[in-house]
Amino acid sequence: MEEFKRVTNAFNYVFERTIAAGEVIILKLPQVSANKRGVGDIGWVCDGDVTLYATLSAKPQDDEAMWQEIAPNDDINKTVSGIKIVNNGDACLLCVRVLLN
């Protein structure tokens, strides 16, 4: 399971890398704490053919986690615990950003 990297001293997290053809990644959302009350916004962009899914499961790495497809231009539910990224084509670059508040 992959994790976001904190890119500033604030509540700005990013996951950015090249994804191989056919690769599946499960991305765990940043931990919410007392001073990071929740997810303010989630955004993503990709230069290839990927499908994203989200889960509310406390254990997104489990096979039994319930996954809901995120259609292009749909908002991502701010209570998700994990995002699954499935690359349907050639290698591509993906960037997912989460802002906590």
Side-chain angles (χ1 to χ4, degrees):
M1 187 162 42
E2 302 276 346
E3 294 191 14
F4 285 87
K5 291 188 170 98
R6 192 172 179 182
V7 293
T8 65
N9 289 336
F11 305 137
N12 184 7
Y13 294 81
V14 71
F15 174 81
E16 184 172 11
R17 78 171 175 88
T18 300
I19 302 172
E23 186 174 5
V24 176
I25 295 171
I26 295 179
L27 185 57
K28 182 180 178 183
L29 262 67
Q31 191 72 28
V32 175
S33 65
N35 63 340
K36 300 177 219 157
R37 297 182 314 259
V39 175
D41 204 5
I42 304 172
W44 66 280
V45 64
C46 182
D47 66 356
D49 180 20
V50 297
T51 305
L52 269 60
Y53 301 87
T55 185
L56 301 176
S57 172
K59 298 179 182 177
Q61 69 277 11
D62 288 353
D63 289 337
E64 288 116 25
M66 295 174 46
W67 295 99
Q68 176 72 41
E69 184 175 349
I70 303 167
N73 300 317
D74 275 1
D75 286 338
I76 300 174
N77 185 325
K78 292 178 179 81
T79 63
V80 299
S81 60
I83 297 173
K84 183 179 357 180
I85 302 143
V86 179
N87 188 349
N88 303 312
D90 296 330
C92 60
L93 181 62
L94 173 83
C95 180
V96 182
R97 183 175 302 271
V98 173
L99 301 176
L100 301 180
N101 56 16

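We number each residue from 1, following the sequence as shown. The analysis underlying the following values was restricted to heavy atoms, covering all of them including side chains, and did not include hydrogens, waters or symmetry mates.
- In this structure E23 satisfies the side chain to side chain contact (heavy atoms under 4.5 Å, CB included) test together with R17, I19, A20, I25, sequence neighbours excluded.
- Annotation: side chain to side chain donor-acceptor pair (under 3.5 Å) contacts of T18 (sequence neighbours excluded): none.
- Here L99 sits alone; no ILVMFWY side chain lies under 4.5 Å from its own, so it joins no hydrophobic cluster.
- At a threshold of 4.5 Å between side-chain heavy atoms, the hydrophobic network of Ile, Leu, Val, Met, Phe, Trp and Tyr places W44 and L100 in one connected group.
- The stretch residues 83-101 participates, sequence neighbours left out, in no salt bridge (charged side-chain N to carboxylate O under 4.0 Å, His left out) pair at all.
- Partners of D49 by side chain to side chain donor-acceptor pair (under 3.5 Å), not counting sequence neighbours: none found.
- Y53 pairs by the side chain to side chain donor-acceptor pair (under 3.5 Å) definition with nothing, not counting sequence neighbours.
- Nearest heavy-atom pair, V50 versus N88, reported as atom, atom and distance to 0.1 Å: C-ND2, 3.7 Å.
- Rounded to the nearest 0.5 Å, atoms CH2 (W67) and OG1 (T51) are 13.5 Å apart.
- Put simply, V32 and L56 are part of two different groups of oily side chains (I, L, V, M, F, W, Y) that touch within less than 4.5 Å, one to the next.
- The minimum heavy-atom distance linking P60 with I26 is given by the pair O-CD1, 3.7 Å.
- Contact detail for A54 and V80: the closest heavy-atom pair is CB-CG1, 3.5 Å.
- Checked against side chain to side chain contact (heavy atoms under 4.5 Å, CB included), D74 has the following partners two or more places apart in sequence or in another chain: I70, A71.
- For the residue pair L29 and I42, the shortest heavy atom distance occurs at CD2-CD1, 4.0 Å.
- Remark: D47 pairs with C92, L93 by the side chain to side chain contact (heavy atoms under 4.5 Å, CB included) rule, at least two apart or across chains.
- The OH atom of Y13 sits 13.0 Å away from atom CG of L27, with the distance rounded to the nearest 0.5 Å.
- Using a 4.5 Å cut-off between side-chain heavy atoms of Ile, Leu, Val, Met, Phe, Trp and Tyr, with links allowed through other members, I83 and V45 fall into different hydrophobic clusters.
- Smallest separation of non-hydrogen atoms from E3 and F15: O-CD1, 3.9 Å.
- Residues forming a side chain to side chain contact (heavy atoms under 4.5 Å, CB included) with K59 (at least two apart in sequence, or on another chain): S57, Q61, D62.
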